[in-house]
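Whatever order the structure lists them in is the order used to number ligands and atoms, beginning at 1. Below, each value reflects all heavy atoms present in this structure, side chains not excepted, and no hydrogens, waters or symmetry copies.
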Amino acid sequence: MIHLIIVSVLVIISTVLLGLFLTNAPILPVQASVQAETVDWLFGIHWWFIAFFFSLITVFILYSVIVFRRRKGERGDGQYITGHHNLEIVWTVIPIAIVLWLAVVGGSTLADVERRDPQAITIDVYASQWVWRFEYTVTVPGQDGAPEVTTAVSSETLYLPKDRQAVLRLHSTDVIHSFFVPEFRLKQDVLPGGEEFTRELRVTPKMAGTFMVRCAEICGRLHYDMQADVTVVAEEEFNAWLAEQSGDCNLTDPECGQRWAATYGCTACHSINGDAGVGPTWLGIFGSQEDLVDGSSVTVDEAYLHESIVDPNAKIVAGFQPGIMPQTFGEQLTEEQIQQIIAFIMSLQ
Ligand code: CUA
């Protein structure tokens, strides 16, 4: 009995010390969303369970090893114990109760994190090997009684207004990716396959600043580099940014093309400095003569570039693989954007 009391006291002391250490150690990044509070609260409970069970096991082992060790001159066997019904009932019932309670707490936490705010803004997130693209829908009231105009704004940075819920609709254009912002404590797989496989994530940023989206699902050669900035700004600043973006690209054609090439991920596979990539480099490609996989050759002119953007498998340059470049750019890009990207490629000499 005296041993049990000593061990119990030691377990309590060890649990408190370890629990305080784990819950205070700087293990997690800053808490930048409302959802992170709920997640961290649940995480905190788990730290205390970890501290308790770790202490329970190690204190019992260490105590037994030290106090009940075989002393000099001892020859006999230890006491033979066959079983203890009450103890077995206790160590079955208590863990079941804990697990059931955690299931209830987990369910209510999930409901809390997924709660929908009717004021939320919706942002479409497109994951492709190996870029993120964020698409906002802006509705501008029509002038002089004309119907309102809806335009899409594409961005390579995820801009979010502070203190307002954003519903992120996650789409993949190729393989499975995973959207992960550690500071928001949210992670969700991004699946290809169209509308049916679109997943949603709700986030309410509560801190202005710049964070990073990482891809948390291995998705190919540049998976490690599949990152994008997340910029959380005050609501007015966000609205100003969106208004500015929804205007036409009022740069020169090659400059606009450069913007689209970055936003739509072209330059993840086509280098602009001559380096080898998944696709041919764009540097100096315009006007060159390229051999194709079928043995013929082609002069890279505007018509060939246009065809290669909307129907990439039509004429594959020798040494490269068909079926890698998405075949959806003909729908994703406007004709003007395609012409601007071509102008950008032509400028790379
Ligand atoms: Cu996308 Cu890893």
Side-chain angles (χ1 to χ4, degrees), residues 27-30 32-33 35-36 39 113-114 122-136 152-160 166-203 205 209-232 258-273 275-282 309 312-313 320-333 341:
I27 294 170
L28 299 172
V30 291
S33 76
Q35 288 77 7
V39 174
V113 167
E114 293 193 334
T122 302
I123 301 166
D124 284 290
V125 177
Y126 292 89
S128 317
Q129 287 170 315
W130 292 276
V131 283
W132 297 98
R133 185 164 59 84
F134 308 99
E135 211 166 282
Y136 301 75
V153 168
S154 270
S155 169
E156 51 192 299
T157 297
L158 177 59
Y159 267 82
L160 293 173
V167 177
L168 306 176
R169 291 167 41 78
L170 308 168
H171 320 263
S172 168
T173 61
D174 37 46
V175 299
I176 300 176
H177 302 271
S178 179
F179 179 96
F180 181 37
V181 181
E183 291 82 0
F184 292 163
R185 307 287 192 278
L186 294 171
K187 186 194 270 177
Q188 170 65 52
D189 272 10
V190 187
L191 311 175
E195 197 60 27
E196 194 187 336
F197 293 94
T198 298
R199 293 290 177 268
E200 283 188 0
L201 204 55
R202 299 190 180 83
V203 58
T210 300
F211 311 107
M212 193 180 271
V213 186
R214 288 154 215 274
C215 179
E217 180 76 49
I218 193 124
C219 58
R221 193 171 62 90
L222 293 179
H223 155 72
Y224 71 92
D225 197 31
M226 189 169 160
Q227 304 169 337
D229 282 341
V230 182
T231 304
V232 178
Q258 183 166 19
R259 186 199 271 187
W260 310 136
T263 308
Y264 287 89
C266 311
T267 43
C269 297
H270 299 281
S271 80
I272 57 173
N273 60 2
D275 284 352
V278 175
T281 181
W282 283 356
I309 292 171
N313 291 333
F320 295 94
Q321 296 291 319
I324 290 185
M325 178 165 155
Q327 298 171 56
T328 49
F329 288 119
E331 295 129 49
Q332 284 184 49
L333 298 164
I341 290 172

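The two residues Gln227 and Tyr224 come nearest to each other via the heavy atoms NE2-O, 3.7 Å.
For the atom pair Leu201 CG and Gln188 CD, the distance stands at 6.0 Å (nearest 0.5 Å).
Between the side chains of Ser154 and Arg133, at least one donor N or O lies within less than 3.5 Å of an accepting N or O.
If you look at atom 2 (Cu) of ligand 1, the protein N, O or S atoms less than 2.8 Å from it are Cys215 SG, Glu217 O, Cys219 SG, His223 ND1.
Partners of Ala32 by side chain to side chain contact (heavy atoms under 4.5 Å, CB included), not counting sequence neighbours, listed by chain and number: Glu183, Phe184, Met207, Phe211.
The aromatic rings of Phe179 and Phe134 sit perpendicular to each other, their planes meeting at more than 60°, with 30° as the lower class boundary.
In this structure, the side chains of Cys219 and Met226 come closer than 4.5 Å at one or more pairs of heavy atoms.
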